[in-house]
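So the structure is just underneath, and the comments pick up after that.
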Amino acid sequence: MRKNAPRLPFNVISLNPDAPVPLYRQLYDEVRSAILAGRLKGGNKLPPTRELANELGVSRNTVMAAYDQLLSEGYTEGHVGAGTWVTSTLPDEMLQSRPTPARAPRGSRMRTMISKRGERLLSVLPPIRQQGAGKMLPFRAAFPDLASFPFEVWTRLLAKYSRNPSHDLFGYAHVAGYPRLREAIAGYLRSARAVKCEADQVIIVPGTQVALELATQMLLDPGDTVLMEDPGYFGVRGVFICAGARVVPVPVDNGGIRLDVVNRNSEHARMVYVTPSHQFPLGMTLPLSRRLELLEWARVSGAWIIEDDCDGEYRYAGRPLASLQGLDSENRVIYTGTFSKVLFPSLRIGYLVVPPDLVDAFIVGRIMIDLQPATIPQAALADFIEEGHFTRHLRRMRNLYAGRQSLLLETARAELSGLLEIQESEAGMHLVGWLPPEVNDMETARTASQHHVLALPLSAFSLEPVARGALMLGYTAFNEREIRAGVRRLKTALAEAQRAKVC
Ligand SMILES: Cc1ncc(COP(=O)(O)O)c(C=O)c1O
């Protein structure tokens, strides 16, 4: 049965001509909310457009546009000349307003619906990381300098490909990545990182996280043991834990991952995750003798090595070190890299280099995660590399970042003496500052964030309790003024935290 709408919902509508949202959209939102909240019921007739326009003091076109939108989304039905009704076919349960639940607390019903795998995942991300996510404050780590990126070149390349609507660029294609980009990456890796590879071993993914996800899906079973540097990148740990693997933390010393501990845990070990060119987050380099020993261990135990080379390009003393993969003659290494640190993170282009025998299997696994990476940015990136912009940008950034590291080092040593012992690094995008013994780095990081400084604590990356707390100070994304101001704020925060004797 069709009834005229009660007057009330329309009387209380107030539209704001100064709001950034168009008037028709405001009216649409009001009517839609009234329907969902049950104030307008199925079969209620909406006022004629002319009448409502007069009542609200808006043009008839505004009302007609709002009605059209409601009609096309199925909230109303109607016929020209006969009027518009709230549709009566919407299921009743859709017509009740339900408050959006806030985040489900631990132990709530919503949380109990989460799978065991999901619960394991939720346990991985340290709250300190969630706190600072998205904020571009000094000393956010692992972030490149956006102001220096050649956006004119990048925009020209994107535009060039966007104007050419071919199936090759706009259709489903190239599961493992755009062929010219795979060629360009293979060429770059061979010459700059001494990776032994052909283009068809390169599989493009949206970043390291997916690279690890793919390697884990194809090579690990639930219950398998994975050895992982401790401290290490928690994103990677999350992937292993989610897959049901048993993660064994392996401590690092001045030479990186400790091989004596790796050897002691060989039984059932299927994989080891390492960052040999620049241990993340502490920054040491895995020496040749340990590289060879690790490769031999993998050969004998039949385990895979994941080499994460996420910032191997940034080496400020001498030439970038050759990769571990380049030393491997047994095809035990899966190499991963990313453009997040050398170009910009939102590009979401990373890659895996897999041994020839695994390529076909990994490509099938890649489809199961997502059919393919986005083509246009890949085509633009292929040109960016082929035309020489990539190596030029990298060279400029290496010089810029070396200067920024020196500035942070000098300023911090001058200002923070006794509060933070900052350690020089030959590579990477952040410095490690050690806190006085007994000072808690999690608490200190929290105090720092209250002073608008983002300094990730070492404990957030560690599975075992840390012997001494430390903070990660990224410098690559900050200019001289920001670095100096950041150090001043950090000084206040450190003094406050240490006065309060947070242990
Ligand atoms: C060691 C390490 N690997 C990988 C990544 C993430 O890289 P991507 O943006 O490619 O996912 C990070 C992020 O900071 C990292 O620290």
Side-chain angles (χ1 to χ4, degrees), residues 124-126 128-130 132-136 139-146 149 177 181 185 189 193 202-216 226 228-240 242 247 249-250 252 256-257 272-286 305-315 323-324 334-353 369-370 373-374 377-378 381 401 425 427-432 454-458 460-463 471-477:
V124 175
L125 198 61
I128 192 81
R129 174 65 195 251
Q130 291 167 355
K135 286 193 198 152
M136 206 46 221
F139 294 98
R140 185 169 179 179
F143 211 88
D145 186 62
L146 289 187
F149 184 73
L181 180 60
I185 290 174
L189 292 177
R193 314 289 305 117
V202 175
I203 297 177
I204 311 284
V205 286
T208 312
Q209 203 67 22
V210 180
L212 267 293
E213 177 80 37
L214 180 53
T216 300
V226 181
M228 182 177 170
E229 293 169 347
D230 186 31
Y233 181 47
F234 41 73
V236 172
R237 193 165 80 227
V239 173
F240 295 145
C242 187
V247 178
V250 181
V252 296
I257 192 163
V272 59
Y273 167 86
V274 281
T275 47
S277 33
H278 179 237
Q279 201 278 332
F280 187 87
L282 289 179
M284 60 288 275
T285 303
L286 196 68
I305 300 174
I306 304 283
E307 175 178 17
D308 182 349
D309 202 14
C310 75
D311 62 4
E313 289 85 0
Y314 294 127
R315 178 153 287 276
S323 64
L324 176 66
I334 318 284
Y335 177 93
T336 77
T338 179
F339 288 96
S340 295
K341 321 289 174 200
V342 280
L343 300 183
F344 50 93
S346 76
L347 181 61
R348 303 319 299 150
I349 298 184
Y351 46 87
L352 287 151
V353 177
I369 290 179
D370 182 29
Q378 289 186 80
L381 180 53
Y401 297 166
S425 177
M429 303 174 83
H430 68 264
L431 289 176
V432 177
L454 202 66
L456 288 177
L458 179 61
F461 299 91
S462 307
L463 280 173
L471 300 176
M472 249 49 67
L473 304 180
Y475 49 83
T476 48

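A quick note: this is a predicted structure, and the numbers were derived from the prediction, not measured. Whatever order the structure lists ligands and atoms in, that order sets their numbers, starting from 1.
Near Cys310, the atoms of ligand 1 lying under 4.0 angstrom from a non-hydrogen atom of the residue are 1 (C), 2 (C), 3 (N), 4 (C), 15 (C). Those atoms of ligand 1 with a heavy atom of Lys341 less than 4.0 angstrom away are 12 (C), 13 (C), 14 (O). Within ligand 1, counting atoms from 1 as listed, the ones closer than 4.0 Å to a heavy atom of Gln209 are 11 (O). For ligand 1, the atoms sitting less than 4.0 Å from at least one non-hydrogen atom of Gly207 are 10 (O), 11 (O), numbered in the order shown with element in parentheses. Under a 4.0 Å criterion applied to the non-hydrogen atoms of Phe280, ligand 1 contributes the atoms 1 (C), 16 (O). Listed by number with element, the atoms of ligand 1 under 4.0 angstrom from any heavy atom of Ala142 are 14 (O).
For Phe234 and Phe461, the ring centers are positioned less than 6.0 Å apart. Taking the six-membered ring where the residue is Trp, the centroids of His430 and Phe280 are separated by under 6.0 Å.
For the side-chain contact (heavy atoms from CB on, under 4.5 Å) with Gln279, the qualifying choice from Pro281, Pro276, Ser277 is Pro281, the only one to do so.
Note that the NE2 atom of His278 and the OG1 atom of Thr285 stand 7.0 Å from one another [nearest 0.5 Å].
Annotation: Thr338 places an N or O atom under 3.5 Å from an N or O atom of ligand 1; distance criterion only. Looking at Asp308 next to ligand 1, an N or O pair under 3.5 Å apart turns up.
Annotation: side chain of Asp308 is not in contact with side chain of Thr338 (no heavy-atom distance under 4.5 Å). Pro144 is not listed as a side-chain neighbour of Leu343, based on a closest heavy-atom distance of 4.5 Å or more.
In the candidate list Ser340, Gly235, Gly474, Ser340 is nearest to atom 9 (O) of ligand 1, counting heavy atoms.
Formation of a donor-acceptor pair under 3.5 Å by the Tyr314 side chain with backbone atoms of Tyr401 is not found in this model.
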